[in-house]
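Residue numbers start from 1 in every chain, and the chains themselves are labelled A, B, ... in the order their sequence lines are given, proteins ahead of strands. Every heavy atom of this structure was used, including side-chain atoms; hydrogens, water molecules and symmetry mates were not. Being a predicted model, the structure only gives us computed values, none of them experimental.
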There are 2 protein chains.
Amino acid sequence: MLVSSRGRYGLRSMVDMVINAKNSPVPLRAIAERQGISESYLEQVFAILRKAGLINAIRGSYGGYVLAKPPTEITVGEILLALEGPLVPVDCVQDGKNVHCERRDICLTQPFWKELSDKIGEVLSSTTLQDLANPDHKSI
Amino acid sequence: MLVSSRGRYGLRSMVDMVINAKNSPVPLRAIAERQGISESYLEQVFAILRKAGLINAIRGSYGGYVLAKPPTEITVGEILLALEGPLVPVDCVQDGKNVHCERRDICLTQPFWKELSDKIGEVLSSTTLQDLANPDHKSI
DNA sequence: AAGTAATCCTATCGCATTACTTGGTTTAGA
DNA sequence: TCTAAACCAAGTAATGCGATAGGATTACTT
């Protein structure tokens with residue numbers, strides 16, 4: 001039930017970007033150093049975030065990364081979904097995807113997993129990057 | 001973020017025991033067949049549950065497993081804790097264990113993980129085996 | 001034009017875990 | 001004594017994780 005380093009690194013790095021972006025792209029090396037994360041591993045994490053449309057890259061000297069949207073419009077759920085996959089405890093409670101469990105009708109544990117999944121989803125979708133970067137202004 | 005088969009099998013099997021125990025021990029083979037789970041794998045799952053004190057074994061012919069406590073007093077959290085380890089999204093929000101993260105003081109994501117962890121803990125500790133076995137009588 | 005600082009890409013690697021299988025030993029009721 | 005059950009130990013294929021390595025490409029600055 002643990003979130004992997006990929007998800008934790010990614011979330012911390014995006015908060016770092018909110019705090020350290022001063023109208024200019026933030027280079028990966030600076031993030032890695034501040035956060036104490038292997039730069040080359042973080043590279044792969046950022047590739048995922050970029051392909052998910054959460055950040056944009058600016059190549060070349062004086063380049064770096066910028067958020068693709070304002071931090072008030074990026075939820076923790078979006079970030080973890082990209083890095084960790086669906087945020088549910090078990091496959092069978094994903095809606096949309098036709099995850100077929102032939103026992104769904106008779107499974108007594110499914111409603112429990114659904115309830116847990118919903119509670120997790122609430123927290124993840126109601127917390128934005130802005131909330132994490134400015135804890136005092138948390139809206140909740 | 002997914003719960004493994006070990007945890008899902010264990011939870012389903014314990015609910016199965018609540019439903020199918022008629023004042024006599026429930027043999028593993030019967031559970032495995034009803035639930036469609038490999039019997040020899042389930043054996044290992046039950047060894048963990050037994051060592052955790054959640055079930056008792058009765059050896060020999062006409063033996064099987066029984067719950068160690070009434071189903072109203074066994075929470076889903078206890079079962080998953082035994083099978084999956086601590087039920088938190090990241091190590092640093094476990095209380096009790098001195099999980100040392102040298103960044104705890106400056107980590108902006110830690111309060112978020114704590115909030116998520118608390119929400120998960122609420123669901124897990126407030127749902128009992130009885131709730132799952134008799135959905136109509138759910139207390140919540 | 002050259003230098004440089006950055007992103008980008010692909011491959012590899014050790015390690016741990018998961019979900020299982022195999023092949024037994026021991027226990028206790030009929 | 002037969003038998004049905006729990007118990008135990010070892011092995012195994014597949015997967016993913018966290019990280020490393022080595023380069024290719026881009027674009028700004030001098």
Exercise. Let me know, please, whether B:I58 or B:V3 comes out on the 5' side of the other along DNA chain C by nearest nucleotide.
Key: B:V3
Practice problem: Only counting residues at least two apart or in another chain, list the ones meeting side-chain hydrogen bond (donor to acceptor under 3.5 Å, both in side chains) with A:Q130. | Solution: none
Quiz prompt | Residue-level proximity of residues 42-54 of chain B to DNA chain D when a heavy atom falls under 4.0 Å | solution = B:E43, B:Q44, B:R50
Practice problem: Hydrophobic side-chain clustering at under 4.5 Å (ILVMFWY, transitive links): who's grouped with B:V66? Put none if nobody. | Solution: B:I58
Quiz prompt | Touch class at under 4.0 angstrom, heavy-atom based, for A:S4 against every strand present | solution = sugar-phosphate
Practice problem: With sequence neighbours left out, write down each residue that passes side chain to side chain contact (heavy atoms under 4.5 Å, CB included) with A:S125, or none if nothing qualifies. | Solution: none
Quiz item: Contacts to DNA chain C from residues 9-30 of chain A, heavy-atom cutoff under 4.0 Å, which residues?
Solution: A:P27, A:L28
Quiz item: So what does the secondary structure string of DNA chain D come out as, 5' to 3', with Watson-Crick or wobble pairs under 3.5 angstrom, [ ] for crossing and | for pairs with another strand?
Solution: ||||||||||||||||||||||||||||||
Exercise. Could you tell me whether B:S38 contacts a base, only the sugar-phosphate backbone, or nothing, with contacts defined as non-hydrogen atoms closer than 4.0 Å?
Key: sugar-phosphate
Self-check item: Listed partners of A:A30 passing side chain to side chain contact (heavy atoms under 4.5 Å, CB included), at least two apart
Solution: A:P27, A:R34
Quiz item: Is there a donor N/O on one and an acceptor N/O on the other, under 3.5 Å, for the side chain of B:R59 and the base of C:dT27?
Solution: no
Practice problem: With sequence neighbours left out, write down each residue that passes side chain to side chain contact (heavy atoms under 4.5 Å, CB included) with B:S24, or none if nothing qualifies. | Solution: none
Practice problem: Scan residues 61-71 of chain B against DNA chain C and write down, sorted by residue number, each residue with any heavy atom closer than 4.0 Å; if none is found, say none. | Solution: B:S61, B:Y62
Practice problem: Using a cut-off of strictly less than 4.0 Å between a heavy atom of the residue and any atom of DNA chain C, enumerate the qualifying residues of residues 77-86 of chain B by number. | Solution: none
Quiz prompt | Boundaries of the chain A footprint along DNA chain D (any atom under 4.0 Å from a heavy atom) | solution = D:dC17 to D:dT29
Quiz item: Can you list the residues that meet the side chain to side chain contact (heavy atoms under 4.5 Å, CB included) rule with B:L83, with sequence neighbours excluded?
Solution: B:R6, B:V45, B:I48, B:L49, B:I79
